[in-house]
*Asks:* 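Would you mind keeping the following structure in view while I ask a few things?
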2 protein chains.
Amino acid sequence: MTTDRILATYRIETAHPLEFAAEVMAGEQSCGTFVRVPGETDELRANHAARVERITELETVDTPSLPFSKQPKNHDGKFKRAEVVVSFPLANMGASLPNLLATVCGNLYELREFSGLKLLDLELPRAFADRYPGPQFGVAGTRRLTSVEGRPVIGTIIKPSVGLTPEQTTELVKTLIEAGLDFIKDDELMANPPHSPFSERFKAVSRVINDYADRTGKKPMYAVNITDEIDEMLRHHDEVLAGGGTCVMVSLNHVGAPTVAHLRRHSQLPIHGHRNGWGMLTREPYLGIEFKAWSQIWRLAGVDHLHCNGLRNKFWEPDESVITSARACLTPMYEDKPCLAMPVIASAQWAGQVVDTYKELGCADLLYVCGGGIVAHPDGIAAGVLSVRQAWEAAMQGVTLEDYAATHSELRRAVEKFG
Amino acid sequence: MTTDRILATYRIETAHPLEFAAEVMAGEQSCGTFVRVPGETDELRANHAARVERITELETVDTPSLPFSKQPKNHDGKFKRAEVVVSFPLANMGASLPNLLATVCGNLYELREFSGLKLLDLELPRAFADRYPGPQFGVAGTRRLTSVEGRPVIGTIIKPSVGLTPEQTTELVKTLIEAGLDFIKDDELMANPPHSPFSERFKAVSRVINDYADRTGKKPMYAVNITDEIDEMLRHHDEVLAGGGTCVMVSLNHVGAPTVAHLRRHSQLPIHGHRNGWGMLTREPYLGIEFKAWSQIWRLAGVDHLHCNGLRNKFWEPDESVITSARACLTPMYEDKPCLAMPVIASAQWAGQVVDTYKELGCADLLYVCGGGIVAHPDGIAAGVLSVRQAWEAAMQGVTLEDYAATHSELRRAVEKFG
């Protein structure tokens, strides 16, 4: 993109005429108000006013999505919905992610002219690619570090989420990697708690992983949760690096984009981006921010892996939204700087969702993370890992799961139990 | 508080029995799931399980607040609402704000057993007060730096929000401080854009402010927006300090709590906390987070001023919510470490809301920020400032606005124009 304007796409709902409502958004978030103030010259407006680029009217509804909307006089009781594209001059805030956010998802959610407003997508000028590092490892780096080619990196989460001692965690990790898992992660509830101090846990777990790597030539990736204050995050990153670890994990929403960008500039490891808290930002269809817009912030900041949920997951999210998210991660932001993040497909996953996941995404460049779908396999964890690998073989060879299961017992047993 | 448990209060909506739903929340966000996994011993559960402390049933509704909720078999079509208190052992995450957030407002928003879930309030163990700095200046420090006692600090925002050159901003600030304003702030849309580089703008504005202070002995506070990447924020803080500035402003939601805490540990100036983006987190009554909970994060991280909107504001927020927010800022978190933030009352404010604001808050320890309500006063900005001061005199003396206006012409003229 060579333009010097930011394009922001919104879904809106309003009792007002759509053109008026869109102009309110543009005015509030740039230099204008409906009352001109001294200093608001024509030149200033020409250089700095946000512009309504497109309004696509959608359906009309009788009930507002959000309370306390300001209704116009002689309101007919209807609320119009539309998709609106607003453009902002880059000159208004420069290439700064937090200041971009103050513009495209700041006070405009407060506007009472709207009974619904959600940021759907962003197109950001090249200046953002120049200022921000983007992912350092992405798909290729993650494949290199895990020695996995031609299929997804297959992983699991350490459970119970909290409460295990470092020794118990280490025992569990040992079992998991001996079973052939490529990737293991801390739960997002587990970072540096008193009952499992970060350094102690990492040191114990990494000893087991390093031993395994020495024996087999393959090092499973352990995404160790370094979420914390900034100095602690950098220090823990350095401990992981020094100890031969190959990944750090961060709860993105709770540390903020500047912290992630700061970590990225310091980091020599892939950053595993956990999106917990995401539901708060997106679950209401007419409030907040959609994944496509949200993910671009973190990809520019430098996240290598990004959680996308999974098909037929245990949460509220419909499959279509999951696939849209994973595709977004794999869609280049800039031709010469794609900033691709490796999608993390997780939540109630087992071999059963693999064929559809591959069909929808058209590639296997992802982290496929299963809990019970691997560890509760009737023939043990190693069989669970194999069942998921076999499902990916079937998907990538265009064979049905049933046909492949006929000749692969681990997959067959998984289908019998989980299907 | 001496307990070692975190208390989190939620408003929930669910098609399931309330007790079941509350247990799902507690399980998902601590060590448990409904299926026990290996390692989930009784001892581990005793030490780490979250606990449902109280369920207060509210009304029942026919339509779910959020889509895609999982309805139980034989669902009667009703959605029950309740206030629920869940407690989490501090041992699960330790005194870490981002990890606290991963627990109390993380994946639980994704749970499909809920058609609504909002975090209302938090009670945090003393360990958080030990680890986090809290506000450095607060009310007393802000009063000292602005030389304002016995009434609110009265301020305005530089407008137009974006587009003014540093010279134009400086001219405007000169006019504003000569008119007697105590406090001036950048708009949240204006931090360090190409058309008004931070250093150039701050240098020019501070020259005018320092001249005024030399002449009058009173230095107006300029909350200069340093929102940006971390290194830039610290560097800009240092420029402000070196240049005799007395405040820095940050868009809290877009930089994250660890960045604010990092700045606070480095800072020698009050931190003005702007809450833009807040509507995204709270405008749906059954999703997100209420101010009372949200504000505690930023107060612990060290914010001195916190935006609360204002009575009869231009946004969607009802007055009751504004007052609850301002009261929250002024309610001690810990007996020996109250972490009070000075509420910033702003948005469509003029002398007219002062009596009610004082009546509801019972004190004048706040920043009262007016735009048009001061600068569009028919007799000029100085008269606008006086009209607001007079309204506070009336309020604090228990005189009605009308009576006070009868003997104070600036207030009378404001009432005539804006009333």
Side-chain angles (χ1 to χ4, degrees), chain A residues 29-31 37 39-40 44 47-48 66-69 91-94 96 98-99 101-103 105-107 109-112 159-164 168 172 188-189 191-195 227-230 251 254-256 258-259 261-262 276-277 279-281 283-285 287-288 315-316 318, chain B residues 29-31 37 39-40 44 47-48 66-69 91-94 96 98-99 101-103 105-107 109-112 159-164 168 172 188-189 191-195 227-230 251 254-256 258-259 261-262 276-277 279-281 283-285 287-288 315-316 318:
Chain A
Q29 294 307 100
S30 67
C31 53
V37 296
E40 193 186 334
L44 186 147
N47 291 333
H48 297 285
L66 301 175
F68 306 108
S69 69
N92 285 19
M93 82 299 281
S96 164
N99 290 307
L101 290 168
T103 299
C105 52
N107 270 354
Y109 295 107
E110 309 280 354
L111 293 169
R112 60 179 169 174
K159 295 274 180 186
S161 313
V162 289
L164 295 179
Q168 289 168 328
L172 180 57
E188 81 276 8
L189 298 175
N192 186 23
H195 72 280
T227 305
D228 208 331
E229 297 302 300
I230 290 171
S251 288
H254 306 309
V255 303
T259 296
H262 190 71
N276 71 83
M280 174 162 64
L281 304 177
R283 198 166 159 186
E284 161 57 51
L287 186 64
F315 294 127
W316 68 277
Chain B
Q29 294 308 101
S30 67
C31 53
V37 295
E40 192 186 335
L44 186 146
N47 291 333
H48 297 285
L66 300 174
F68 306 109
S69 68
N92 285 20
M93 83 299 282
S96 163
N99 290 306
L101 290 168
T103 300
C105 52
N107 269 354
Y109 295 106
E110 310 279 355
L111 294 170
R112 61 179 169 174
K159 296 273 178 186
S161 313
V162 288
L164 295 179
Q168 290 167 329
L172 182 56
E188 81 275 10
L189 298 175
N192 186 24
H195 73 281
T227 304
D228 208 332
E229 297 302 300
I230 289 171
S251 287
H254 307 310
V255 303
T259 296
H262 190 72
N276 72 82
M280 175 162 65
L281 303 178
R283 198 166 159 187
E284 162 58 51
L287 186 65
F315 294 127
W316 68 277

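To find a chain, count down the sequence lines: A is the first, B the second, and so on, and within it residues start at 1. Only a predicted model underlies this, so the values are computations on that prediction, with no experimental measurement involved. Heavy-atom basis, side chains included; hydrogens, waters and symmetry copies ignored.
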*Asks:* May I ask you to test the A/Glu229-B/Pro98 pair for a side-chain heavy-atom distance under 4.5 Å?
*Replies:*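 Answer yes - side chains close enough.
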*Asks:* Hey, are the side chains of B/Leu44 and A/Pro160 touching, using non-hydrogen atoms and a 4.5 Å cut-off?
*Replies:*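 A side-chain contact under 4.5 Å exists here.
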*Asks:* Sort out for me which of A/Thr259, A/Leu164, A/Thr103, A/Asn47 touches chain B most, counting heavy-atom pairs under 4.5 Å.
*Replies:*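 If we count pairs closer than 4.5 Å to chain B, A/Thr259 comes out on top.
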*Asks:* What are the two closest non-hydrogen atoms of A/Tyr109 and B/Trp316, and how far apart are they?
*Replies:*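 In terms of heavy atoms, the two residues are closest at O-CD1, 4.1 Å.
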*Asks:* If you tally heavy-atom pairs under 4.5 Å against chain A, which of B/Glu110, B/His48, B/His262 wins?
*Replies:*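 Counting heavy-atom pairs under 4.5 Å, the top option is B/Glu110.
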*Asks:* With only heavy atoms counted, which part of A/Ser251 is less than 4.5 Å from chain B, the side chain, the backbone, both or neither?
*Replies:*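 Looking at A/Ser251, just its side chain touches chain B.
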*Asks:* Just verifying a value: how many Å separate B/Gln29 CD and A/Ser161 OG, rounded to the nearest 0.5 Å?
*Replies:*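 One finds 8.5 Å between CD of B/Gln29 and OG of A/Ser161.
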*Asks:* For the candidates A/Pro258, A/Gly256, A/Gly279, which exhibits the highest count of non-hydrogen atom pairs separated by less than 4.5 Å from chain B?
*Replies:*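 Heavy-atom pairs under 4.5 Å are most numerous for A/Pro258.
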*Asks:* Which region of A/Leu101, side chain (C-beta onward) or backbone (N, CA, C, O), has a non-hydrogen atom less than 4.5 Å from a non-hydrogen atom of chain B, or is it both or neither?
*Replies:*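 Answer is both: backbone and side chain atoms of A/Leu101 are under 4.5 Å from chain B.
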*Asks:* Please look at B/Leu287 and chain A and tell me whether the side chain, the backbone, both or neither of the residue comes under 4.5 angstrom of a heavy atom of that chain.
*Replies:*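 Side chain only.
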*Asks:* Give a yes or no on whether the backbone of B/Thr227 and the side-chain of A/Asn99 come within a donor-acceptor separation of less than 3.5 Å.
*Replies:*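 The answer is yes, because a donor-acceptor pair under 3.5 Å joins these two groups.
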*Asks:* Need one label for A/Asn107: side chain, backbone, both or neither, based on atoms under 4.5 Å from any heavy atom in chain B.
*Replies:*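 Both parts, backbone and side chain.
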*Asks:* Please name the pair of heavy atoms, one in B/Glu188 and one in A/Ala102, separated by the smallest distance, quoted to 0.1 Å.
*Replies:*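 Shortest heavy-atom contact: O-CB, 3.8 Å.
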*Asks:* With no hydrogens and no angle check, is any side-chain donor or acceptor of A/His195 less than 3.5 Å from a backbone partner on B/Ala91?
*Replies:*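 Indeed, once roles are kept as given, a pair shorter than 3.5 Å links the two residues.
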*Asks:* Please report the C-alpha distance between A/Glu284 and B/Arg283 in whole Å, then the side-chain angles of each, then the deciding distance to 0.1 Å, and finally whether the side-chain contact (heavy atoms from CB on, under 4.5 Å) criterion is met.
*Replies:* CA-CA 10 Å; A/Glu284 161 57 51; B/Arg283 198 166 159 187; over 6 Å; no
*Asks:* Between A/Pro193 and B/Asn92, what is the shortest heavy-atom contact and its length?
*Replies:*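 Smallest heavy-atom distance, with atoms named: CB-O, 3.4 Å.
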*Asks:* Heavy atoms, side chains only, cut-off 4.5 Å: are B/Ile230 and A/Ile230 in contact?
*Replies:*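 Yes; the side chains approach each other to less than 4.5 Å.
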*Asks:* Which of the residues A/Gly277, A/Gly163, A/Gly94 is involved in the greatest number of heavy-atom pairs with chain B at under 4.5 angstrom?
*Replies:*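 So the answer, after comparing A/Gly277, A/Gly163, A/Gly94, is A/Gly163.
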*Asks:* So, for B/Met93 and A/Pro194, which heavy atoms are closest and what is the spacing to 0.1 Å?
*Replies:*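 That would be C-CD, 4.3 Å.
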*Asks:* Any side-chain heavy atom of B/Leu281 within less than 4.5 Å of one from A/Leu281?
*Replies:*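 The answer is yes, as the side chains (C-beta and beyond) meet within the 4.5 Å cut-off.
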